[in-house]
Amino acid sequence: MPVIAITCGLHTAPRQLIEILAETYGATVCTDTDLVEATSLTQGLPDDLIFKVVHGKPVPHNEFTHDRERCVSGLKKTLSDAIARDNCIFIGIISHLIPASISHVFKILSTAPQPVRIRRAVENGRLSESSAESILEKADRRAEWWVKNLTGKLPLDTSQYDLVIAHEDAYTNHLNMDETLARYLAEQIKAALAAPPFNQPAPNKISDFCINSNVEVALSAFGTGLLVDTQSGNVTVTLDRKVMNLSKIQQQIMAAATAVPGVETVKTKIGPNYYKGSIVKNFNIGPPRGYRSKP
């Protein structure tokens, strides 16, 4: 069953195509909002805090609370759980957290002409054209920040995708993709999904992604500078920032990672940035005031 990730900015989602794909495969559609809400529930993190992290906004007192790390690791866990269940369609930009090792994910870039996007924003949000244009520009800047920080590439870099939808003539009435084109694209996607590597999910890679994300959640209290890699259940944690009491921190990391289900072995090593910059003390305290976890 397919896993499809559609990268699309605000008001660029190919709605007709998504509906056809969801109906064809009986797939669950997960928007960025759905992923944030699910992460909020499972990790006890406020929605607005997770969106703040995704949008690249400053997180107050993060050096003490490590909320940014908690949000990112929580989103990875939500994604890995969804991929493990299979048969899902991700809509938005958060799916760029999926590692390249999950090679059976079919990646699509959907763009729309700016006039089309503005018209959609005006009609859907009852905005003026100038307000709609301003909102779209801000949304595009946030998407660029998120994707570039994760992949080193811009969202519109077509080398990241298996299919690009960027036809000005793909839309009618300024709002909707032509149904004939939507069905043609759906057939193209269906044919691609029936061939390698998309028809050959790698259970070990999916399992490693699940374990890796769970380890990152467990280690998020340690803050920045921890790089986690999992191969066949064997976890390597790289400390890529200077810390006090290295031996003690290594023992705590190994204890926390070992407790994660599916982990076979754990080892730590020093990263290239460990001896650069100032010492960062490890803190482990609660979230900042004003935030309340959902029940």
Side-chain angles (χ1 to χ4, degrees), residues 1-7 25 27-28 30 32 35 38-39 42 54 69 71-109 143 146-155 157-164 189 192-220 224-240 253 256-258 260-269 271-273:
M1 302 300 282
V3 177
I4 300 171
I6 302 178
T7 294
Y25 295 106
T28 300
C30 297
D32 281 353
L35 294 171
T39 302
T42 58
V54 175
E69 291 71 35
C71 290
V72 173
S73 62
L75 286 169
K76 284 186 180 180
K77 175 173 172 52
T78 301
L79 282 166
S80 66
D81 289 346
I83 290 175
R85 291 191 297 268
D86 212 0
N87 204 27
C88 50
I89 302 173
F90 300 111
I91 311 295
I93 59 173
I94 291 178
S95 62
H96 281 270
L97 283 168
I98 301 172
S101 59
I102 311 297
S103 58
H104 74 286
V105 177
F106 190 85
K107 298 176 182 178
I108 300 173
L109 171 65
W146 175 256
V147 176
K148 190 172 184 180
N149 272 272
L150 292 175
T151 68
K153 300 178 181 180
L154 294 175
D157 187 333
T158 59
S159 66
Q160 305 175 85
Y161 308 100
D162 303 296
L163 175 66
V164 176
I189 294 168
L193 291 173
F198 307 110
N199 67 338
Q200 299 174 336
N204 57 326
K205 295 296 184 182
I206 298 171
S207 175
D208 280 343
F209 182 33
C210 291
I211 293 170
N212 207 86
S213 61
N214 284 326
V215 170
E216 289 190 17
V217 168
L219 299 183
S220 60
T224 61
L226 296 182
L227 309 176
V228 182
D229 179 67
T230 303
Q231 301 292 331
S232 301
N234 299 299
V235 176
T236 301
V237 181
T238 301
L239 286 85
D240 208 30
I253 288 172
T258 301
V260 173
V263 171
E264 297 291 336
T265 64
V266 180
K267 68 177 181 179
T268 63
K269 66 178 184 179
N273 294 314

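The residues of the chain are indexed from 1 along the displayed sequence. What you are looking at is a predicted structure, and each value in this text was computed from that prediction instead of being measured. Worth knowing before you read on, the calculation uses all heavy atoms, side chains too, and leaves out hydrogens, waters and symmetry mates.
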Fill in: I6 side, atom CD1; I93 side, atom CD1 - distance, nearest 0.5 Å
14.5 Å

Item to complete: Of all the heavy-atom pairs spanning S80 and C210, show the shortest one and how long it is.
Response: O-SG, 3.5 Å

Worksheet entry | Evaluation steps, side-chain contact (heavy atoms from CB on, under 4.5 Å), between T39 and K77 | CA-CA 8 Å; T39 302; K77 175 173 172 52; over 6 Å; no

Worksheet item: If we only count heavy atoms from C-beta on, is the S101 to F209 side-chain gap below 4.5 Å?
Response: no

Worksheet entry | Side-chain (N273) to main-chain (D240) donor-acceptor, under 3.5 angstrom | no

Worksheet item: Going from CG on L150 to CG on L97, what distance comes out if it is rounded to the nearest 0.5 angstrom?
Response: 5.0 Å

Worksheet item: Does any N or O in the side chain of D162 come within less than 3.5 Å of the main-chain N or O of F106, such that one atom is a donor and the other an acceptor?
Response: no

Worksheet item: Can you list the steps and then say if T265 with N234 is a side-chain hydrogen bond (donor to acceptor under 3.5 Å, both in side chains)?
Response: CA-CA 5 Å; T265 64; N234 299 299; 2.7 Å; yes

Discussion item. Using modelled atom types and a 3.5 Å cut-off, is there a donor and acceptor pairing between side-chain atoms of D208 and backbone atoms of G233?
Written reply: yes

Worksheet entry | Interatomic spacing from OG in S213 to CG in L75 - rounded to 0.5 Å | 11.0 Å

Worksheet item: So, does S95 use its side chain to make a donor-acceptor pair with the main chain of I91 at under 3.5 Å?
Response: no

Worksheet entry | Distance-minimising heavy-atom pair for Q160 and P155 | NE2-O, 4.1 Å

Discussion item. Within this structure, what is the CD1-CD1 distance for the pair I189 and I89, rounded to the nearest 0.5 Å?
Written reply: 8.5 Å

Worksheet entry | Point-to-point distance, once rounded to the nearest 0.5 Å, from NZ of K107 to CD1 of I102 | 9.5 Å

Discussion item. What's the separation between atom OG1 in T7 and atom CZ in F90, rounded to the nearest 0.5 Å?
Written reply: 11.5 Å

Discussion item. If you compare all heavy atoms of A194 against all heavy atoms of N199, which two are closest, and at what distance to 0.1 Å?
Written reply: O-ND2, 3.1 Å

Worksheet item: Salt bridge check: are R85 and D81 linked by an N-O gap of less than 4.0 Å?
Response: no

Discussion item. Please give me the minimum heavy-atom distance between H104 and P197, naming the atom from each residue.
Written reply: CB-O, 3.4 Å

Practice prompt. Search all heavy atoms of I94 against all heavy atoms of L79 and return the closest pair with its distance.
Written response: O-CD1, 3.7 Å

Worksheet item: Which heavy-atom pair separates D86 from P2 by the least distance, and what is that distance?
Response: OD1-O, 3.8 Å

Worksheet item: Do V217 and V260 pass the side-chain contact (heavy atoms from CB on, under 4.5 Å) test, and can you show the C-alpha distance, the side-chain angles, and the key distance before you say yes or no?
Response: CA-CA 10 Å; V217 168; V260 173; over 6 Å; no

Fill in: Check against side-chain contact (heavy atoms from CB on, under 4.5 Å), D32 and V54
CA-CA 10 Å; D32 281 353; V54 175; 5.6 Å; no

Worksheet item: Side chain of S207, backbone of P203: donor and acceptor closer than 3.5 Å?
Response: no

Worksheet entry | Between S159 and K153: side-chain donor-acceptor atoms closer than 3.5 Å | yes

Practice prompt. Test L227 against V237 for side-chain contact (heavy atoms from CB on, under 4.5 Å), laying out the working first.
Written response: CA-CA 6 Å; L227 309 176; V237 181; over 6 Å; no

